Amino acid sequence: MTPTPDDGEVLQRGELTVIGRIRSASNATFLCEAHLDGRQAHCVYKPIAGEAPLWDFPDGTLAGRELAAYLVSTALGWNIVPYTIIRDGPAGRGMLQQWVDQPGDEVGDEPSSGPDLVDLLPSDHIPPGYLPVLQAYDYAGDEVTLVHADDVRLRRMAVFDVLINNADRKGGHVLVGVDGHVYGVDHGVSLHVEDKLRTVLWGWAGKPVDDETLDAVAGLRDQLRAELGERLCEHLTRREIEALRARVVGLLDNPVMPTPDRRRPIPWPAF
Ligand SMILES: Nc1ncnc2c1ncn2[C@@H]1O[C@H](COP(=O)(O)OP(=O)(O)O)[C@@H](O)[C@H]1O
Ligand SMILES: [Mg+2]
(Lines give C-alpha, C1' and ligand atoms only; values in the text may rest on other atoms or scores of the structure.)
(Ligands and ions follow the chains in the order given, each with its own letter.)
Protein backbone atom coordinates (compact mmCIF):
# COMPACT_ATOMS: atom_id res chain seq x y z
CA MET A 1 0.00 0.00 0.00
CA THR A 2 1.46 3.37 -0.88
CA PRO A 3 1.35 5.24 2.41
CA THR A 4 0.31 8.82 2.46
CA PRO A 5 3.37 10.78 3.63
CA ASP A 6 1.41 11.02 6.86
CA ASP A 7 1.01 7.26 7.35
CA GLY A 8 4.68 6.69 6.58
CA GLU A 9 5.70 9.17 9.24
CA VAL A 10 3.19 7.80 11.75
CA LEU A 11 4.60 4.29 11.28
CA GLN A 12 8.20 5.48 11.50
CA ARG A 13 7.90 7.71 14.53
CA GLY A 14 4.54 6.95 16.12
CA GLU A 15 4.02 5.34 19.49
CA LEU A 16 3.00 1.72 19.07
CA THR A 17 0.17 0.02 20.94
CA VAL A 18 -0.52 -3.66 20.45
CA ILE A 19 -4.23 -4.18 19.82
CA GLY A 20 -4.20 -7.88 19.06
CA ARG A 21 -2.18 -10.94 18.27
CA ILE A 22 -2.80 -12.42 14.85
CA ARG A 23 -3.38 -16.13 15.19
CA SER A 24 -0.60 -17.60 13.21
CA ALA A 25 1.18 -20.88 12.79
CA SER A 26 4.66 -19.81 13.63
CA ASN A 27 5.84 -16.30 14.33
CA ALA A 28 4.67 -13.71 16.86
CA THR A 29 2.62 -11.37 14.68
CA PHE A 30 0.72 -8.43 16.15
CA LEU A 31 -1.79 -5.92 14.91
CA CYS A 32 -0.72 -2.52 16.23
CA GLU A 33 -1.85 1.04 16.19
CA ALA A 34 0.75 3.77 15.73
CA HIS A 35 -0.05 7.22 17.15
CA LEU A 36 1.67 10.47 16.31
CA ASP A 37 0.39 13.99 16.99
CA GLY A 38 -3.25 12.95 16.96
CA ARG A 39 -2.83 10.87 13.80
CA GLN A 40 -3.02 7.09 13.76
CA ALA A 41 -2.28 4.19 11.44
CA HIS A 42 -2.71 0.43 11.73
CA CYS A 43 0.15 -1.93 11.07
CA VAL A 44 1.47 -5.46 11.44
CA TYR A 45 4.40 -5.77 13.84
CA LYS A 46 6.64 -8.84 13.87
CA PRO A 47 9.37 -8.56 16.51
CA ILE A 48 12.61 -10.27 15.50
CA ALA A 49 12.68 -11.89 18.96
CA GLY A 50 9.38 -13.61 18.07
CA GLU A 51 10.69 -15.26 14.90
CA ALA A 52 10.45 -19.04 15.17
CA PRO A 53 13.71 -20.81 14.31
CA LEU A 54 13.68 -22.55 10.92
CA TRP A 55 16.02 -25.26 9.69
CA ASP A 56 16.77 -23.59 6.38
CA PHE A 57 16.79 -19.84 7.12
CA PRO A 58 19.33 -18.30 9.53
CA ASP A 59 17.82 -17.10 12.84
CA GLY A 60 16.71 -13.49 13.15
CA THR A 61 16.72 -12.75 9.41
CA LEU A 62 13.01 -12.85 8.54
CA ALA A 63 12.30 -9.16 9.21
CA GLY A 64 15.20 -8.19 6.94
CA ARG A 65 13.83 -10.45 4.20
CA GLU A 66 10.39 -8.81 4.51
CA LEU A 67 11.99 -5.39 4.14
CA ALA A 68 14.14 -6.56 1.22
CA ALA A 69 11.03 -7.96 -0.51
CA TYR A 70 9.35 -4.57 -0.01
CA LEU A 71 12.32 -2.78 -1.59
CA VAL A 72 12.28 -5.14 -4.58
CA SER A 73 8.53 -4.67 -5.02
CA THR A 74 8.98 -0.90 -4.96
CA ALA A 75 11.85 -1.07 -7.46
CA LEU A 76 9.64 -3.04 -9.85
CA GLY A 77 7.04 -0.26 -9.61
CA TRP A 78 4.28 -2.78 -8.88
CA ASN A 79 3.93 -1.96 -5.19
CA ILE A 80 2.84 -5.45 -4.31
CA VAL A 81 4.15 -5.28 -0.74
CA PRO A 82 2.53 -2.76 1.64
CA TYR A 83 4.83 -0.07 3.05
CA THR A 84 7.36 -1.84 5.30
CA ILE A 85 10.06 -0.67 7.71
CA ILE A 86 12.19 -2.07 10.52
CA ARG A 87 12.10 -0.23 13.84
CA ASP A 88 11.88 -0.65 17.59
CA GLY A 89 8.56 -1.71 19.10
CA PRO A 90 7.08 -2.94 22.38
CA ALA A 91 8.82 -6.32 21.98
CA GLY A 92 12.05 -4.95 20.51
CA ARG A 93 13.22 -4.41 16.97
CA GLY A 94 10.96 -5.79 14.33
CA MET A 95 9.25 -5.51 10.99
CA LEU A 96 6.41 -3.01 10.74
CA GLN A 97 4.05 -3.11 7.78
CA GLN A 98 1.14 -0.91 6.87
CA TRP A 99 -2.16 -2.71 7.47
CA VAL A 100 -4.24 -3.43 4.36
CA ASP A 101 -7.90 -2.66 4.98
CA GLN A 102 -9.98 -5.27 3.21
CA PRO A 103 -13.67 -5.21 2.29
CA GLY A 104 -15.52 -7.07 5.02
CA ASP A 105 -13.17 -5.83 7.80
CA GLU A 106 -15.78 -3.43 9.13
CA VAL A 107 -18.90 -4.65 10.91
CA GLY A 108 -21.80 -4.25 8.48
CA ASP A 109 -19.65 -4.58 5.31
CA GLU A 110 -21.25 -6.66 2.58
CA PRO A 111 -19.50 -10.01 2.20
CA SER A 112 -18.01 -10.25 -1.30
CA SER A 113 -19.82 -12.62 -3.65
CA GLY A 114 -18.16 -14.96 -6.13
CA PRO A 115 -14.86 -16.77 -5.82
CA ASP A 116 -11.79 -15.19 -4.24
CA LEU A 117 -8.72 -14.42 -6.37
CA VAL A 118 -7.28 -17.68 -5.01
CA ASP A 119 -9.92 -20.27 -4.13
CA LEU A 120 -10.86 -23.91 -3.82
CA LEU A 121 -13.87 -24.72 -6.05
CA PRO A 122 -15.86 -27.78 -7.09
CA SER A 123 -14.01 -29.16 -10.12
CA ASP A 124 -17.11 -29.08 -12.34
CA HIS A 125 -17.74 -25.40 -11.56
CA ILE A 126 -14.59 -23.53 -12.54
CA PRO A 127 -15.76 -20.11 -13.74
CA PRO A 128 -14.30 -18.51 -16.87
CA GLY A 129 -11.25 -16.38 -16.12
CA TYR A 130 -9.87 -18.84 -13.57
CA LEU A 131 -6.80 -21.06 -13.98
CA PRO A 132 -6.57 -24.50 -12.34
CA VAL A 133 -3.54 -25.31 -10.21
CA LEU A 134 -4.23 -28.57 -8.38
CA GLN A 135 -6.91 -31.28 -8.17
CA ALA A 136 -7.85 -32.65 -4.78
CA TYR A 137 -10.76 -34.21 -2.87
CA ASP A 138 -12.70 -32.52 -0.09
CA TYR A 139 -13.84 -34.24 3.12
CA ALA A 140 -16.97 -35.55 1.40
CA GLY A 141 -14.86 -37.14 -1.33
CA ASP A 142 -15.92 -34.65 -4.01
CA GLU A 143 -13.39 -33.39 -6.48
CA VAL A 144 -12.22 -29.83 -5.86
CA THR A 145 -9.69 -27.69 -7.71
CA LEU A 146 -7.32 -25.07 -6.36
CA VAL A 147 -7.69 -22.15 -8.74
CA HIS A 148 -6.64 -18.55 -9.10
CA ALA A 149 -7.88 -15.70 -11.26
CA ASP A 150 -6.22 -15.07 -14.62
CA ASP A 151 -5.55 -11.55 -13.46
CA VAL A 152 -2.65 -9.26 -14.36
CA ARG A 153 -2.19 -8.26 -10.70
CA LEU A 154 -1.67 -11.90 -9.73
CA ARG A 155 0.52 -12.50 -12.79
CA ARG A 156 2.87 -9.75 -11.63
CA MET A 157 2.84 -11.26 -8.15
CA ALA A 158 3.78 -14.64 -9.62
CA VAL A 159 6.76 -13.00 -11.39
CA PHE A 160 7.67 -11.15 -8.18
CA ASP A 161 7.65 -14.48 -6.31
CA VAL A 162 9.98 -16.04 -8.88
CA LEU A 163 12.38 -13.12 -8.48
CA ILE A 164 12.38 -13.10 -4.67
CA ASN A 165 12.26 -16.91 -4.55
CA ASN A 166 9.23 -16.85 -2.28
CA ALA A 167 8.81 -20.06 -0.28
CA ASP A 168 5.35 -19.20 1.07
CA ARG A 169 2.83 -17.69 -1.36
CA LYS A 170 -0.35 -19.02 0.20
CA GLY A 171 -3.85 -17.87 -0.77
CA GLY A 172 -4.02 -16.08 2.60
CA HIS A 173 -0.94 -14.04 1.69
CA VAL A 174 -2.82 -12.41 -1.20
CA LEU A 175 -4.98 -9.53 0.04
CA VAL A 176 -7.41 -7.33 -1.88
CA GLY A 177 -7.49 -3.87 -0.32
CA VAL A 178 -10.52 -1.60 -0.11
CA ASP A 179 -8.61 0.49 -2.68
CA GLY A 180 -8.93 -2.42 -5.16
CA HIS A 181 -5.17 -2.98 -5.18
CA VAL A 182 -3.91 -6.55 -4.71
CA TYR A 183 -1.22 -6.87 -2.04
CA GLY A 184 1.16 -9.67 -1.12
CA VAL A 185 2.22 -10.15 2.51
CA ASP A 186 4.47 -12.41 4.59
CA HIS A 187 7.78 -12.51 2.72
CA GLY A 188 9.88 -13.65 5.69
CA VAL A 189 10.88 -16.87 3.96
CA SER A 190 12.11 -15.46 0.69
CA LEU A 191 15.41 -14.54 -0.95
CA HIS A 192 17.24 -17.74 -0.02
CA VAL A 193 20.15 -18.71 -2.27
CA GLU A 194 18.67 -22.15 -2.97
CA ASP A 195 15.55 -22.57 -5.09
CA LYS A 196 12.61 -22.64 -2.66
CA LEU A 197 9.77 -21.27 -4.77
CA ARG A 198 6.54 -22.49 -3.18
CA THR A 199 3.34 -20.87 -4.38
CA VAL A 200 -0.30 -21.31 -5.29
CA LEU A 201 0.16 -19.06 -8.35
CA TRP A 202 1.24 -21.72 -10.86
CA GLY A 203 -1.37 -20.77 -13.46
CA TRP A 204 1.25 -19.32 -15.84
CA ALA A 205 3.82 -22.11 -15.48
CA GLY A 206 5.75 -22.59 -18.73
CA LYS A 207 4.16 -19.47 -20.27
CA PRO A 208 6.18 -16.59 -21.75
CA VAL A 209 6.55 -13.37 -19.76
CA ASP A 210 5.22 -10.31 -21.60
CA ASP A 211 7.41 -7.35 -22.61
CA GLU A 212 5.81 -4.81 -20.28
CA THR A 213 6.58 -7.05 -17.32
CA LEU A 214 10.12 -7.59 -18.58
CA ASP A 215 10.65 -3.82 -18.79
CA ALA A 216 9.96 -3.63 -15.06
CA VAL A 217 12.33 -6.56 -14.43
CA ALA A 218 15.04 -4.80 -16.48
CA GLY A 219 14.47 -1.71 -14.33
CA LEU A 220 15.00 -3.84 -11.22
CA ARG A 221 18.26 -5.20 -12.70
CA ASP A 222 19.52 -1.65 -13.23
CA GLN A 223 18.57 -0.57 -9.71
CA LEU A 224 20.31 -3.62 -8.22
CA ARG A 225 23.55 -2.34 -9.73
CA ALA A 226 23.02 0.99 -8.02
CA GLU A 227 21.47 2.16 -4.76
CA LEU A 228 19.09 -0.77 -4.28
CA GLY A 229 22.06 -3.17 -4.17
CA GLU A 230 23.59 -1.06 -1.40
CA ARG A 231 20.39 -0.93 0.60
CA LEU A 232 19.84 -4.67 0.36
CA CYS A 233 23.32 -5.25 1.85
CA GLU A 234 21.90 -4.16 5.20
CA HIS A 235 19.41 -7.04 5.19
CA LEU A 236 20.78 -9.82 2.99
CA THR A 237 24.14 -11.54 2.53
CA ARG A 238 26.28 -10.89 -0.56
CA ARG A 239 25.44 -14.38 -1.79
CA GLU A 240 21.71 -13.77 -1.38
CA ILE A 241 21.93 -10.52 -3.33
CA GLU A 242 24.00 -12.27 -6.01
CA ALA A 243 21.36 -15.04 -6.20
CA LEU A 244 18.62 -12.40 -6.57
CA ARG A 245 20.60 -10.76 -9.38
CA ALA A 246 21.03 -14.16 -11.05
CA ARG A 247 17.26 -14.83 -10.92
CA VAL A 248 16.55 -11.37 -12.38
CA VAL A 249 19.05 -11.82 -15.22
CA GLY A 250 17.91 -15.41 -15.70
CA LEU A 251 14.32 -14.33 -16.29
CA LEU A 252 15.42 -11.59 -18.71
CA ASP A 253 17.55 -14.10 -20.67
CA ASN A 254 14.85 -16.77 -20.70
CA PRO A 255 11.49 -15.03 -20.17
CA VAL A 256 9.42 -18.10 -19.39
CA MET A 257 7.65 -18.80 -16.09
CA PRO A 258 9.10 -21.81 -14.22
CA THR A 259 7.16 -25.04 -13.83
CA PRO A 260 6.31 -26.81 -10.55
CA ASP A 261 8.78 -29.65 -11.10
CA ARG A 262 10.39 -29.19 -7.71
CA ARG A 263 9.90 -30.75 -4.31
CA ARG A 264 6.74 -29.44 -2.56
CA PRO A 265 5.81 -26.74 -5.10
CA ILE A 266 2.71 -25.64 -3.15
CA PRO A 267 2.84 -24.27 0.42
CA TRP A 268 0.86 -26.22 2.99
CA PRO A 269 -1.70 -25.31 4.11
CA ALA A 270 -2.46 -23.58 0.82
CA PHE A 271 -4.48 -20.82 2.55
N1 LIG B 1 -0.08 -5.84 6.01
C2 LIG B 1 -1.15 -6.60 6.30
N3 LIG B 1 -2.39 -6.07 6.19
C4 LIG B 1 -3.49 -6.80 6.51
N5 LIG B 1 -3.44 -8.07 6.94
C6 LIG B 1 -2.23 -8.65 7.07
C7 LIG B 1 -1.02 -7.94 6.76
N8 LIG B 1 0.03 -8.77 7.00
C9 LIG B 1 -0.50 -9.92 7.43
N10 LIG B 1 -1.85 -9.87 7.49
C11 LIG B 1 -2.78 -10.91 7.92
O12 LIG B 1 -2.24 -11.59 9.03
C13 LIG B 1 -2.01 -12.95 8.72
C14 LIG B 1 -0.73 -13.41 9.39
O15 LIG B 1 0.33 -12.60 8.93
P16 LIG B 1 1.60 -13.26 8.23
O17 LIG B 1 2.42 -12.14 7.68
O18 LIG B 1 1.17 -14.33 7.29
O19 LIG B 1 2.33 -13.83 9.52
P20 LIG B 1 3.09 -15.20 9.85
O21 LIG B 1 4.54 -14.95 9.51
O22 LIG B 1 2.90 -15.37 11.30
O23 LIG B 1 2.46 -16.28 9.00
C24 LIG B 1 -1.96 -12.99 7.19
O25 LIG B 1 -2.31 -14.24 6.68
C26 LIG B 1 -2.97 -11.92 6.82
O27 LIG B 1 -4.29 -12.42 6.89
MG1 LIG C 1 1.72 -16.28 7.08
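Whatever order the structure lists ligands and atoms in, that order sets their numbers, starting from 1. No experiment lies behind these values; they were computed from the predicted model shown.
- The ring of His192 has its center closer than 6.0 angstrom to the ring center of Phe57.
- The two residues Pro260 and Pro265 make their nearest non-hydrogen contact at CB-CB, 3.7 Å.
- Between Arg239 and Glu242 there is no salt bridge, since none of the side-chain N atoms of the basic residue sits less than 4.0 Å from a carboxylate O of the acidic one.
- Here the protein contributes His173 NE2, Asp186 OD2 as N, O or S atoms under 2.8 Å from the Mg ion (ligand 2).
- A 4.5 Å side-chain heavy-atom check between Met95 and Thr84 finds at least one atom pair inside the cut-off.
- Side chain of Asp195 to main chain of Leu197: a donor-acceptor pair is present (N/O by atom type, distance under 3.5 Å, no hydrogens or angles).
- Close approach of ligand 1 to Ile22 is summarised as follows: ligand atoms under 4.0 Å from at least one heavy atom of the residue are 12 (O), 13 (C), 14 (C).
- The side chain of Lys46, and not its backbone, has at least one atom closer than 4.0 Å to an atom of ligand 1 (non-hydrogen atoms only; side chain from C-beta on).
- Residue contacts with ligand 1: Gln97 is placed with a nitrogen or oxygen under 3.5 Å of a nitrogen or oxygen of the ligand (distance criterion only).
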Should Tyr83 and Gln12 be marked as a side chain to side chain donor-acceptor pair (under 3.5 Å) after you check the CA-CA gap, both sets of side-chain angles, and the distance that decides it?
CA-CA 11 Å; Tyr83 178 71; Gln12 281 166 30; 2.5 Å; yes
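- Residue-to-ligand polar distances place Thr29 within reach of ligand 1: an N/O pair is separated by less than 3.5 Å.
- Residues Arg169 and His187 bring a donor and an acceptor atom of their side chains to less than 3.5 Å of each other.
- Between Ala68 and Leu232, the closest heavy-atom pair is CB-CD2, 3.6 Å.
- Residue contacts with ligand 1 for Val100 involve both N, CA, C or O and side-chain atoms from C-beta outward (heavy atoms, distance under 4.0 Å).
- With a heavy-atom cut-off of 4.0 Å, Gln102 does not touch ligand 1 at all.
- Without hydrogens or angle criteria, Gln223 side chain to Leu220 main chain gives no donor-acceptor distance under 3.5 Å.
- Annotation for ligand 1: atoms under 4.0 Å from non-hydrogen atoms of Val185 are 1 (N), 2 (C), 7 (C), 8 (N), 9 (C).
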Distance-only check: which donor-acceptor pairs under 3.5 Å involve side-chain atoms of residues 131-138, not counting sequence neighbours?
from   : atom 1 : to     : atom 2 : distance (Å)
Gln135 : OE1    : Thr145 : OG1    : 2.9
Gln135 : NE2    : Glu143 : OE2    : 2.3
Asp138 : OD1    : Ala140 : N      : 3.0
Asp138 : OD1    : Gly141 : N      : 3.1
Asp138 : OD1    : Asp142 : N      : 2.9

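- When the heavy-atom distances from atom 27 (O) of ligand 1 to Gly188, Gly171, Gly172 are ranked, the shortest goes to Gly172.
- A salt bridge links Lys46 with Asp186: the distance from a Lys NZ or Arg NE/NH1/NH2 to an Asp or Glu carboxylate oxygen falls below 4.0 Å.
- The closest approach between Gln98 and ligand 1 falls below 4.0 Å for a heavy atom of the residue.
- When Val189, Val174, Val44 are checked for heavy-atom proximity to atom 2 (C) of ligand 1, Val44 turns out nearest.
- At a 4.0 Å heavy-atom cut-off, ligand 1 touches Asp186 through backbone and side chain alike.
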